[in-house]
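Before any comments, here is the structure.
Quick note on labels: first sequence line is chain A, next is B, and so on, each numbered from 1.
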Number of protein chains: 4
Amino acid sequence: MRPKDDLKQTAIEQATYQLVQEQGLLRLKMADIARAAGLAASTLYVYYPSKQDLLDSLYQQAKSRSFQRLIAQDDPGKPLKARIRTIWHNMVDNRLQYPQELVFMEQYHSSAFLSASSRELSSNMQHFFAELLLAGQQSEQLKPLPLPLLMASVQSSVRDLSRLIQDGVLSDGPDLRQAAFSLCWDALCA
Amino acid sequence: MRPKDDLKQTAIEQATYQLVQEQGLLRLKMADIARAAGLAASTLYVYYPSKQDLLDSLYQQAKSRSFQRLIAQDDPGKPLKARIRTIWHNMVDNRLQYPQELVFMEQYHSSAFLSASSRELSSNMQHFFAELLLAGQQSEQLKPLPLPLLMASVQSSVRDLSRLIQDGVLSDGPDLRQAAFSLCWDALCA
Amino acid sequence: MRPKDDLKQTAIEQATYQLVQEQGLLRLKMADIARAAGLAASTLYVYYPSKQDLLDSLYQQAKSRSFQRLIAQDDPGKPLKARIRTIWHNMVDNRLQYPQELVFMEQYHSSAFLSASSRELSSNMQHFFAELLLAGQQSEQLKPLPLPLLMASVQSSVRDLSRLIQDGVLSDGPDLRQAAFSLCWDALCA
Amino acid sequence: MRPKDDLKQTAIEQATYQLVQEQGLLRLKMADIARAAGLAASTLYVYYPSKQDLLDSLYQQAKSRSFQRLIAQDDPGKPLKARIRTIWHNMVDNRLQYPQELVFMEQYHSSAFLSASSRELSSNMQHFFAELLLAGQQSEQLKPLPLPLLMASVQSSVRDLSRLIQDGVLSDGPDLRQAAFSLCWDALCA
DNA sequence: AATGAATGAGTGTTCATTCAT
DNA sequence: GATGAATGAACACTCATTCAT
């Protein structure tokens with residue numbers, strides 16, 4: 001009895017992220033995942049009952065890992081701007097260091113595949129971040145605009161910057177980071 | 001490939017936009033398009049040589065129509081902020097009034113389907129807008145940040161606002177527009 | 001535009017009957033049917049939406065054709081014994097001349113495939129025959145036993161005789177027929 | 001192939017009979033048998049080299065058990081009618097008390113699975129019963145019809161009655177049994 | 001002996017595309 | 001030009017069976 005191999009589980013995940021990044025969710029075939037992971041196609045069904053389940057499972061995993069990375073080093077004792085800066089940097093780092101997971105999440109999210117349970121999970125980070133910004137509004141540091149607008153503004157700032165760095169249009173570094181964050185912060189600031 | 005019947009051409013286009021919005025690009029089938037357009041599936045091949053071509057053609061059409069709408073009423077004689085405000089409003093209007101075309105463009109753009117020729121066209125609006133912002137930087141009205149960063153900032157502002165309105169989270173109106181635009185403008189402003 | 005070919009429809013039916021007789025319902029594959037009918041496998045789906053539907057459709061067709069053959073030459077004006085003899089002979093003939101259809105019906109009937117609508121149809125012949133026997137009981141020609149028992153007795157007589165002839169154990173002919181029918185009739189007779 | 005654990009052997013058999021009755025031979029899967037028997041699928045291969053062998057083995061077992069039950073209490077010293085009546089009752093009882101085994105035998109017999117060796121065994125009961133009826137013919141108690149015809153007639157009588165009782169159409173009891181047996185006997189009788 | 005893991009050879013079904021009319 | 005019919009190339013998924021432990 002071979003032990004159900006964690007390495008294989010990981011191989012499947014990595015293969016899937018890789019393939020989605022390379023060819024898009026649309027072209028993703030179970031047979032390709034298996035080949036890339038070094039398995040027989042039928043073996044995938046030992047680990048996941050269906051393609052849908054495999055994708056769902058990866059999505060939820062990526063979502064929660066992302067969340068953990070974003071709030072790393074966040075210190076509730078620090079002042080608001082510092083906390084937001086930390087998280088903002090984490091968000092950028094997350095995108096730059098785990099681009100495959102991010103690509104996967106975005107493609108899957110916008111692909112009419114998303115199951116109900118996955119949709120729920122989607123809001124972890126939203127809640128956490130909303131409360132942070134709300135506190136900023138109550139202390140009159142942030143503009144009294146609708147919260148979703150502020151949140152979207154921050155997230156877009158991160159996404160845009162990361163994309164430009166990834167595309168080679170801009171080069172990552174402290175100066176660029178500072179410029180980009182100030183752009184973001186000024187937009188929020190009262 | 002010049003169609004005899006413009007009505008059928010239009011029916012195909014509308015059917016495709018509709019179906020992509022309803023079910024996603026992933027589930028789009030030639031047979032469905034034909035049924036929704038009131039044609040036989042094989043007739044689609046009278047108008048387009050392949051599915052790929054059909055999608056490509058729709059993408060380029062949507063792109064250039066979008067561009068025309070965005071620069072409508074733009075007056076090069078007006079001051080910078082007014083011009084940007086006009087275009088910003090056009091961008092929001094465009095998203096709210098032609099959501100199907102926008103959904104189609106975004107899904108298609110991020111789907112590894114995009115052909116080379118389509119990718120080129122993609123930059124029309126980019127060039128136009130880049131020059132506008134560049135002028136703003138030269139007159140020291142806008143921050144001296146990398147142009148792509150500023151452009152992305154504006155586009156995100158538009159996309160975020162539109163999405164929130166479409167999702168019913170916020171309600172469109174002069175006040176909201178003003179708030180959202182000021183958020184956008186402040187971020188750009190020196 | 002080629003006309004949807006009735007010949008192909010028939011080819012599919014014949015191929016299916018043939019294959020079920022030769023290899024059993026269990027081994028019946030869509031690809032085999034297609035090959036035997038001289039078509040591509042996917043063409044089967046032009047004529048039937050699924051394997052289940054194909055089988056269902058064949059079953060209902062066989063059922064109703066069978067019924068028509070069984071009541072051929074039945075003359076309500078004739079005496080009871082003559083009518084039953086006629087039908088009894090028709091039943092035997094039906095089994096001997098269309099063995100494939102009969103094999104198919106029996107295999108399909110006992111295969112947990114049978115759909116609800118097919119199950120209904122199943123009783124056409126039952127009703128017709130039940131009334132005939134009931135009349136015989138009322139005129140005190142037939143035993144006053146439960147009708148289902150009498151009906152089953154006749155049907156078994158037919159099935160058993162046919163099987164023995166088909167298996168080559170007995171040889172068909174007027175004498176055998178007469179012996180077998182008298183066996184059947186005596187069992188019914190008061 | 002001699003099993004260590006007789007309980008497991010029995011569990012496999014019972015599970016198989018059960019599943020065939022519930023879902024039909026067509027839907028029978030090794031994994032289902034294993035689950036129903038409380039084993040791992042691979043364990044089945046410790047007891048039987050293949051699915052074919054498992055089914056074959058069960059078939060032969062059911063056949064010989066059936067035979068033992070049918071000739072129970074048969075007393076060669078008694079008169080013919082009494083012997084046949086006893087056996088006839090045993091046949092009905094056998095069907096009513098072990099319906100799963102009977103269902104299995106019938107489905108398996110008519111499923112093109114039957115192996116050569118199984119086919120031979122099939123005739124135990126045939127021989128025994130043939131000699132009994134032959135004796136009846138020689139003493140001029142039974143009709144001088146082909147033996148297979150007489151045998152089939154009796155077996156059908158049993159099968160029909162049992163089915164009607166199982167289906168709830170008729171209710172078992174001494175009166176029904178007597179009526180049904182007389183129907184059967186009269187058909188045989190000279 | 002017992003089994004969880006792994007798999008190859010199918011299976012039914014889908015769908016973009018072609019073709020004869 | 002328009003189309004119903006036909007199809008080949010996939011594709012997701014199944015299942016009896018093998019194997020290492």
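Atom NZ of D/K51 is separated from atom C1' of E/dA9 by 15 Å (rounded to the nearest Å). Atom CG in B/L54 sits about 15 Å away from atom C1' in E/dC15, given to the nearest Å. When the C1' atom of F/dA16 is taken as reference, atom CG of D/D53 falls 13 Å away, rounded to whole Å. Between D/L26 atom CG and E/dT11 atom C1' the separation is 13 Å, expressed in whole Å. One interatomic measurement links the two molecules: CZ of D/R35 to P of E/dT3, which rounds to 14 Å at whole-angstrom precision. Rounded to a whole Å, the CG atom of C/D32 is 8 Å from the P atom of E/dT11. One interatomic measurement links the two molecules: CZ of D/R27 to P of E/dT11, which rounds to 16 Å at whole-angstrom precision. Straight-line distance from the OH atom of A/Y48 to the P atom of F/dA12: 16 Å, rounded to whole Å.
Across the interface with DNA chain E, nearest-nucleotide mapping of A/T43 and C/A31 shows A/T43 to be the residue nearer the 5′ end. Comparing A/P49 and C/A41 along DNA chain F, the residue whose closest nucleotide (by nearest heavy atom) sits nearer the 5' end is C/A41. Of the residues near DNA chain F, B/A40 and C/L44, the one whose nearest nucleotide (by heavy atom distance) lies more toward the 5' end is B/A40. Position along DNA chain E of the nearest nucleotide to B/S50 versus A/G38 favours A/G38 as the more 5'-ward residue.
For B/E22 and B/Y17, the side-chain atoms include no donor-acceptor pair closer than 3.5 Å. For the residue pair C/Y47/C/E13, the side-chain donor-acceptor check at 3.5 Å is not satisfied. Defined by atom type and a distance below 3.5 Å, a donor-acceptor pair is present between the side-chain atoms of D/Y108 and D/D56. If you check the side chains of D/Q14 and D/Q18, you find no donor sitting under 3.5 Å from an acceptor.
Ranking E/dT13, F/dA16, F/dT3 by closeness to the D/K29 side chain, first place goes to F/dA16. Distances from the side chain of D/M30 to the nucleotides E/dT13, F/dA16, E/dA1 place F/dA16 closest.
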Practice task
Take D/Y59 and D/Q107 through the test side chain to side chain donor-acceptor pair (under 3.5 Å) and record every step on the way to the result.
Solution key: CA-CA 10 Å; D/Y59 179 73; D/Q107 292 222 8; over 6 Å; no
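Nucleotide F/dA12 is matched to E/dT11 when pairs are restricted to Watson-Crick or G-U wobble geometry with both distances under 3.5 angstrom. Here F/dA20 sits opposite E/dT3 as a Watson-Crick or G-U wobble pair (both hydrogen-bonding atom distances under 3.5 Å).
Side-chain N/O atoms of B/Y47 include one lying less than 4.0 angstrom from OP1 or OP2 on F/dA2. Taking side-chain N and O atoms only, D/S42 has no distance below 4.0 Å to OP1 or OP2 of E/dG4. Between A/Y45 and the phosphate of E/dA5, there is no side-chain N or O to OP1/OP2 separation shorter than 4.0 Å. For the OP1/OP2 pair of E/dA6 and a distance below 4.0 Å, the side-chain nitrogens and oxygens of A/K8 include at least one atom meeting the criterion.
Among the heavy atoms of the strands lying under 4.0 Å from C/L28 are primed sugar atoms or P, OP1, OP2 only; no base atom is included.
Taking the ring axis of A/Y98 as reference, the NZ or CZ atom of A/R69 stays within 45° of it and closer than 6.0 Å to the ring centre.
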